[in-house]
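Bear in mind the structure is a predicted one, so any value in this text is a computation, not a measurement.
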Amino acid sequence: MTTYTVSQRAYAKIAFHVAKYPHRPVNGVLLGKDVSGNIEFIDAIPLLHHWTSLSPSMEIGLDLARNHALSLDLQVAGYYQATENLDDTALAPVGEKVAETIKRTFPQAVAFVVDGSRLAAGEPALVPYLPQGNSSSWRPAARNEDVQPFSATSHFKLAPPSASTHVLELIRDSKMHQKLGDFDDHLEDVSIDWLRNSDCNGET
């Protein structure tokens, strides 16, 4: 059975993106690799905070993210999204389309939806979705597991397990989310290094 491990750096950038734009839908991708059946998500790249459809900006951002991943000997291996509604954990139709696009080049791709309530509580906030066979339909991984994702015996793990509480502290105490920039931000200010977000890496 495939396992999926989300690094603290990747988790932090997803959380920072959501915290920076709490009243907007945000999305991005995760960079990772397959290590002997364990999918390791090493970093995340925030794409947009102005999106409702598969726009030209999203497609350009995805292409740039893919090229950046290849330069690091990684692949775009996952997708994430959050909405402006805390308890909305449904994968949007556009999210399914992006995830399906990622799956074409990385068959073990996962889509994550951020649960805002769990994020605010310092609990693992990613709700994983997996593709259903050869169809283009994606369903919550919890339906295929007997345990809650990111619990001790789940196939989905945070590394380290304390990442969710540490990242919440970085948001509340250090305001680290204000240092993050996404592709939308870069389009308004080209000096913003949205692919690396180096200013966010030191604490994560």
Side-chain angles (χ1 to χ4, degrees), residues 4-33 39-51 57-58 60-84 98 102 110-116 118-128 150 156-204:
Y4 306 87
T5 303
V6 179
S7 73
Q8 182 167 281
R9 175 171 293 181
Y11 184 84
K13 288 182 181 178
I14 295 171
F16 293 166
H17 200 193
V18 175
K20 185 173 182 179
Y21 298 106
H23 303 299
R24 295 184 181 275
V26 302
N27 69 3
V29 295
L30 294 99
L31 309 189
K33 57 185 178 180
I39 309 305
E40 297 182 357
F41 296 109
I42 294 168
D43 206 348
I45 296 179
L47 290 176
L48 308 176
H49 60 271
H50 299 295
W51 66 276
S57 291
M58 191 181 298
I60 293 169
L62 282 169
D63 283 340
L64 293 171
R66 285 192 193 97
N67 291 336
H68 178 67
L70 290 174
S71 75
L72 300 174
D73 200 25
L74 299 172
Q75 290 181 268
V76 172
Y79 168 82
Y80 75 84
Q81 71 167 56
T83 73
E84 58 272 39
V98 176
I102 294 171
V110 181
F112 293 104
V113 179
V114 180
D115 183 329
R118 292 179 65 85
L119 180 64
E123 300 171 359
L126 302 179
V127 179
F150 296 100
F156 292 88
K157 303 180 185 301
L158 284 180
S162 60
S164 57
T165 54
H166 177 62
V167 167
L168 182 61
E169 290 171 359
L170 291 176
I171 293 171
R172 288 181 172 173
D173 301 337
S174 304
K175 311 299 181 188
M176 284 291 294
H177 58 293
Q178 297 297 343
K179 297 183 179 182
L180 182 115
D182 63 14
F183 186 46
D184 272 335
D185 294 322
H186 175 78
L187 292 176
E188 297 174 6
D189 179 356
V190 295
S191 69
I192 293 174
D193 186 11
W194 65 285
L195 288 167
R196 296 174 184 81
N197 273 297
S198 301
D199 289 344
C200 296
N201 289 340
E203 296 293 331
T204 60

J.: Measure the CD1-CG distance between I102 and L62 for me, rounded to the nearest 0.5 Å.
T.: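 Going from CD1 on I102 over to CG on L62, the span is 6.0 Å.
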J.: Going from CG on D199 to CD1 on I192, what distance comes out if it is rounded to the nearest 0.5 angstrom?
T.: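 Those atoms lie 10.5 Å apart.
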J.: With no hydrogens and no angle check, is any side-chain donor or acceptor of S164 less than 3.5 Å from a backbone partner on G122?
T.: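 Yes, because the side chain of S164 sits within donor-acceptor range (under 3.5 Å) of the backbone of G122.
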J.: So, for Y80 and H17, which heavy atoms are closest and what is the spacing to 0.1 Å?
T.: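 Distance-wise, the nearest heavy atoms are OH-ND1, 2.7 Å.
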J.: Answer yes or no: is there a side-chain heavy-atom contact under 4.5 Å between S57 and L187?
T.: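 In contact.
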J.: Mind listing the closest non-hydrogen atom pair of A77 and G32 along with its distance?
T.: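 Where A77 meets G32 most closely, the heavy atoms are CB-N, 4.0 Å.
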J.: Can you name the nearest heavy-atom pair linking Q178 to K20, along with the distance?
T.: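 In terms of heavy atoms, the two residues are closest at O-NZ, 4.0 Å.
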J.: I need the full list of salt bridge (Lys or Arg N to Asp or Glu O under 4.0 Å) pairs touching residues 61-80, with sequence neighbours left out, sorted by first then second residue.
T.: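 Counting only pairs at least two positions apart or across chains, the salt bridge (Lys or Arg N to Asp or Glu O under 4.0 Å) contacts touching residues 61-80 are D63-R66.
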J.: Over 60° means perpendicular and under 30° means parallel, so classify the ring planes of F41 and Y4, tilted if in between.
T.: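 Plane angle under 30°, so parallel.
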J.: Would you please say whether a donor-acceptor pair under 3.5 Å links the side chains of D184 and Y21?
T.: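 Distance-only check fails for D184 and Y21.
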J.: Compare all side-chain heavy atoms of H68 with those of L31 and state whether any distance is below 4.5 angstrom.
T.: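 Yes, close enough: below the 4.5 Å cut-off.
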J.: Do Q8 and H166 pass the side-chain contact (heavy atoms from CB on, under 4.5 Å) test, and can you show the C-alpha distance, the side-chain angles, and the key distance before you say yes or no?
T.: CA-CA 9 Å; Q8 182 167 281; H166 177 62; 3.3 Å; yes
J.: Output, in order, the C-alpha distance, side-chain angles, deciding distance and verdict of side-chain contact (heavy atoms from CB on, under 4.5 Å) for R9 and N201.
T.: CA-CA 7 Å; R9 175 171 293 181; N201 289 340; 3.5 Å; yes
J.: Dump the intermediate steps for side-chain contact (heavy atoms from CB on, under 4.5 Å) on W194 and L47, then the final yes or no.
T.: CA-CA 8 Å; W194 65 285; L47 290 176; 3.7 Å; yes
J.: To the nearest 0.5 Å, how far apart are NE2 in H49 and NE2 in H23?
T.: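 Going from the NE2 atom of H49 to the NE2 atom of H23 covers 13.0 Å.
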J.: Ignoring hydrogens and angles, tell me if any N or O in the side chain of N27 forms a donor-acceptor pair with the backbone of L48 under 3.5 Å.
T.: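 Pair found, side chain donor or acceptor close to backbone of L48.
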J.: Would you call F150 and L126 a side-chain contact if the rule is heavy atoms closer than 4.5 Å?
T.: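 Counting from C-beta outward, F150 and L126 do come under 4.5 Å.
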J.: Backbone N or O of P124 within a donor-acceptor pair of the R118 side chain at under 3.5 Å?
T.: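 Flag set: sc R118 to bb P124 pair under 3.5 Å.
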J.: Is there side-chain contact between L170 and F16, with at least one heavy-atom pair below 4.5 Å?
T.: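 SC-SC contact between L170 and F16 confirmed.
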J.: Using a 4.5 Å cut-off on heavy atoms from C-beta on, say whether the side chain of L64 contacts that of F183.
T.: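 Counting from C-beta outward, F183 and L64 do come under 4.5 Å.
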J.: Over all heavy atoms of both residues, which pair between P128 and V110 is shortest? Give the atoms and the distance, please.
T.: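 What the structure gives for the nearest pair is CB-CG1, 4.1 Å.
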J.: Indicate yes or no for a side-chain donor-acceptor contact from D185 to the backbone of D182 under 3.5 Å, with no hydrogens or angles considered.
T.: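 Side chain of D185 to backbone of D182: a pair is present.
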J.: So which atom in A82 and which in V114 form the shortest heavy-atom distance, rounded to 0.1 Å?
T.: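 A82 and V114 have their closest heavy atoms at CB-CB, 3.8 Å.
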J.: Look only at the side chain of N197 and the backbone of G181, and say whether a donor-acceptor pair between them is shorter than 3.5 Å.
T.: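 Yes, because the side chain of N197 sits within donor-acceptor range (under 3.5 Å) of the backbone of G181.
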J.: How many angstroms lie between atom CG of L30 and atom CD of E40, to the nearest 0.5 angstrom?
T.: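 Result: 13.0 Å between the selected atoms.
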J.: Counting distance only, does the side-chain N/O of K157 pair as donor-acceptor with the main-chain N or O of S7 below 3.5 Å?
T.: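 Flag not set: sc K157 to bb S7 has no pair under 3.5 Å.
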J.: Would a distance-only check, ignoring hydrogens and angles, find a side-chain to backbone donor-acceptor pair under 3.5 Å from Y11 to A159?
T.: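 The answer is no, because no donor-acceptor pair under 3.5 Å joins these two groups.
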J.: What distance do D43 atom CG and I14 atom CD1 have between them, rounded to the nearest 0.5 Å?
T.: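 Taking CG in D43 and CD1 in I14, the distance rounds to 9.5 Å.
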J.: Run the ring pair (Phe, Tyr, Trp, His ring centres under 6.0 Å) test against H177 and tell me which residues pass, sequence neighbours left out.
T.: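 Not a single residue meets the ring pair (Phe, Tyr, Trp, His ring centres under 6.0 Å) criterion with H177.
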J.: Contact between E84 and R24 at the side-chain level, heavy atoms closer than 4.5 Å - yes or no?
T.: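 No, their side chains stay 4.5 Å or more apart.
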J.: If you look at every heavy atom in C200 and M176, which pair is closest and at what distance?
T.: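 Residues C200 and M176, closest heavy atoms: CA-CE, 3.7 Å.
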